[in-house]
Amino acid sequence: MVEISRTSKKNPFLTTNQRKITTFYFKFFLFASFSFYFFTFFLLTHNPNLGLLHHHHYVSNSNAFASKALVQSEPNDFKLFVYDLPPEFNADWLSDGRCGGHLFASEVAIHRALLTSRVRCMDPYEADFFFVPVYVSCNFSSVNGLPAIAHARPLLASAVAAISREFPFWNRSGGADHIFVASHDYGACFHAMTFGVKYKHPCQDVENILIPPYIPPESVEESVVHGRRRDIFAFFRGKMEVNPKNFGGRFYGKRVRTLIWKKFHRHRRFYIKRQRFAGYRSEISRSVFCLCPLGWAPWSPRLVESVALGCVPVIIADGIRLPFPDAVDWPGISLTVAERDVGKLGRILERVAATNLSTIQNNLWSPKNRQALLFHNPIQPQDATWQVIRNLSKKLDRSFRSSRLPTQLKNDT
């Protein structure tokens, strides 16, 4: 989500200077939705007064604008400047091949797409918003292979210190018109189990745009088999704690997954698996209903994968927030089951299958729903990055430049 902080909180683990910087960078954040979760390598160099940090030729000037169709489709209400940070904040992390294609890679995908976006502004003095490209989700744990983000706070604080030192734009607004991507489930204050929910929580007490987790578009295309018979009625594959005495068994997913396993793993119409399988998207494309229970947080990448592959997502996560509700017809393409009703899943799904399943499936195959949840490069009309840009264009009141335009025009006259 794009988050604009209304409040600031001191972190006892930071130095005085770090506290000041950290308070600044909470001002404006871009978050991914309920999955385990913007960017630049090439920037303006012709203005000698800017004191640019570095210059990386990942994109040539000839690709500064996308096709005519894309130019016509993107919102044209604001201009976005992308900082060119030293490679330790972004490019260096790409040496790990997993960085650009894993679950949290929306921070990379959005960055790459913005570099060829029409809204990208090459003169920061004309910009409404500023994108700070820091990849915090590419530090993979050697234990479980998942991103470990203990380094995120100091890395972000260091990036803010750099742009504050080199440019005037952060300090003039206190960072209120600066954008970051936090493509993980730790929210603006890096606290577990806090984001992607409707209920009030201090880590979400900020303005935001919720975005989907990253699913490689090509992986979806490879998994779609048109005309394939959906021979799996209800499907789930993933982590399921079955021992009620260990930590995970007592707290993970509020025991929802444990209950699903105990009640349905032997059910003839449920295909429930705990082991990892690289080709599990082919199983989704064979399924009628795909269970999307909460884990440590309410998010689930299965939401995007299910919609993209035509499987009706069954959302089991009380209070979950869904990405781009004005673009994706969530009520028309999914089912929501209360956590307390997980034991009734069999009857609920049977009833839907006997009544309005065909209507839900027809809605599910509407291209606009899939398009809004996938990140492409370059940006495609109505895709996930396009939705981010459109939502940002509605927040010009947060822009230092835009908020001063009426005064400037009055003074000019």
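The residues of the chain are indexed from 1 along the displayed sequence.
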- Qualifying ring pair (Phe, Tyr, Trp, His ring centres under 6.0 Å) pairs, either residue in residues 136-155, two or more places apart: Trp93-His151, His102-Phe140
- Is any side-chain heavy atom of Val388 closer than 4.5 Å to a side-chain heavy atom of Phe324? yes
- Query: When rounded to the nearest 0.5 angstrom, what distance separates CG in Leu210 from CG in Leu322?
  - Reply: 8.0 Å
- Task: Taking the side chain as every heavy atom from C-beta outward, state whether Phe375 and Tyr214 have any pair of such atoms under 4.5 Å apart.
- Result: yes
- Go through the steps to decide whether Ile163 and Leu85 satisfy the test side chain to side chain contact (heavy atoms under 4.5 Å, CB included), and finish with yes or no. CA-CA 8 Å; Ile163 61 176; Leu85 296 179; 3.6 Å; yes
- Item | All ring-ring contact (aromatic ring centres under 6.0 Å, His included) counterparts of Phe235, not counting sequence neighbours | Tyr271
- How close do Phe400 and Ser173 get, heavy atom to heavy atom, and via which atoms? CB-CB, 4.0 Å
- Value for OG1 (Thr116) from CZ (Arg118), rounded to nearest 0.5 Å, stands at 13.5 Å
- Task: Would you please classify the geometry between the His178 ring and the Phe130 ring as parallel, tilted or perpendicular, with 30° and 60° separating the classes?
- Result: parallel
- Task: Kindly indicate whether the side chain of Phe129, heavy atoms from C-beta on, has any atom under 4.5 Å from the side chain of Leu396.
- Result: yes
- Item | Smallest separation among heavy atoms of Cys121 and Asp123, with atom names | SG-O, 2.9 Å
- Task: Could you grab the distance from atom OG of Ser399 to atom CG of Leu80, nearest 0.5 Å is fine?
- Result: 10.5 Å
- Message: Measuring only between side-chain heavy atoms, which start at C-beta, is Pro323 closer than 4.5 Å to Val328?
- Response: no
- Message: Does anything in residues 304-313 form a salt bridge (charged side-chain N to carboxylate O under 4.0 Å, His left out)? List the pairs, not counting sequence neighbours.
- Response: Arg281-Glu305
- Task: Show your reasoning for whether side chain to side chain contact (heavy atoms under 4.5 Å, CB included) applies to Arg257 and Arg274.
- Result: CA-CA 10 Å; Arg257 297 192 184 194; Arg274 297 173 60 206; over 6 Å; no
- Ser158 side-chain N/O to Leu155 backbone N/O, donor-acceptor pair under 3.5 Å: no
- Message: Taking the side chain as everything from C-beta on, heavy atoms only, tell me whether Asp128 gets closer than 4.5 Å to Lys79.
- Response: yes
- Query: Does Ser334 reach the main-chain N or O of Pro331 with its side chain, forming a donor-acceptor pair under 3.5 Å?
  - Reply: no
- Message: Going by ring-ring contact (aromatic ring centres under 6.0 Å, His included), name the residues that satisfy it together with His376, two or more places apart in sequence or in a different chain.
- Response: none
- Message: Can a donor-acceptor pair be found, under 3.5 Å and without considering hydrogens, that links the side chain of Ser393 to the backbone of Arg390?
- Response: yes
- Query: Is there a side-chain contact between Ile215 and Val220 (heavy atoms, below 4.5 Å)?
  - Reply: yes
- Starting from the C-alpha separation in whole Å, work towards a yes-or-no answer on side chain to side chain contact (heavy atoms under 4.5 Å, CB included) for Ile316 and Lys254. CA-CA 11 Å; Ile316 313 169; Lys254 294 196 280 187; over 6 Å; no
- Query: Do Ile320 and Leu294 come close enough that some side-chain heavy atom pair is under 4.5 Å?
  - Reply: no
- Query: Between Lys263 and Gly343, what is the shortest heavy-atom contact and its length?
  - Reply: CE-O, 2.7 Å
- Starting at CZ of Arg398, measure out to CD1 of Ile179 and round the result to the nearest 0.5 Å. 11.5 Å
- Results of side chain to side chain contact (heavy atoms under 4.5 Å, CB included) for Ala338 - residues two or more places apart only: Asp318, Arg340, Asp341
- Item | Euclidean distance, Ser306 OG relative to Leu291 CG, rounded to 0.5 Å | 9.0 Å
- Not counting sequence neighbours, which residues clear side chain to side chain contact (heavy atoms under 4.5 Å, CB included) with Val288? List them please. Arg230, Leu357, Gln361
- Query: salt bridge (charged side-chain N to carboxylate O under 4.0 Å, His left out): which pairs involve residues 350-372, sequence neighbours left out?
  - Reply: Arg269-Glu350
- Message: Parallel, tilted or perpendicular, judged at 30° and 60°: which one describes the rings of Phe270 and His267?
- Response: perpendicular
- Is there any salt bridge (charged side-chain N to carboxylate O under 4.0 Å, His left out) pair reaching into residues 283-296, and which pairs are they, with sequence neighbours excluded? Asp231-Arg286, Arg237-Glu283
- Message: With a 3.5 Å distance limit and no angle check, can you tell me whether Ser366 reaches the backbone of Asn363 through a side-chain donor-acceptor pair?
- Response: no
- Task: With sequence neighbours left out, write down each residue that passes disulfide bond (SG atoms under 2.5 Å apart) with Cys311, or none if nothing qualifies.
- Result: Cys290
- Query: Got Ile333 and Val312 here, is their nearest side-chain heavy-atom distance under 4.5 Å?
  - Reply: no
- Between Ile315 and Leu303, is a side chain to side chain contact (heavy atoms under 4.5 Å, CB included) present by the stated rule, with each step listed? CA-CA 8 Å; Ile315 304 169; Leu303 285 165; 3.4 Å; yes
- Looking only at heavy atoms, what is the nearest atom pair of Ser164 and Asn171, with distance? O-ND2, 3.4 Å
- Task: Kindly state each residue pair satisfying salt bridge (charged side-chain N to carboxylate O under 4.0 Å, His left out) with at least one member in residues 372-385, sequence neighbours excluded.
- Result: none
- Query: Under 6.0 Å between the ring centres of Phe233 and Phe289?
  - Reply: yes
- Query: For the rings on Phe264 and Phe236, is their centre-to-centre separation under 6.0 Å?
  - Reply: no
- Note on the structure: disulfide bond (SG atoms under 2.5 Å apart) pairs touching residues 313-395, sequence neighbours excluded, are none
- Query: Okay, side chain of Gln380, backbone of Gln371: is any donor-acceptor separation there less than 3.5 Å?
  - Reply: no
- With sequence neighbours excluded, residues passing side-chain hydrogen bond (donor to acceptor under 3.5 Å, both in side chains) with Arg98: Asp96
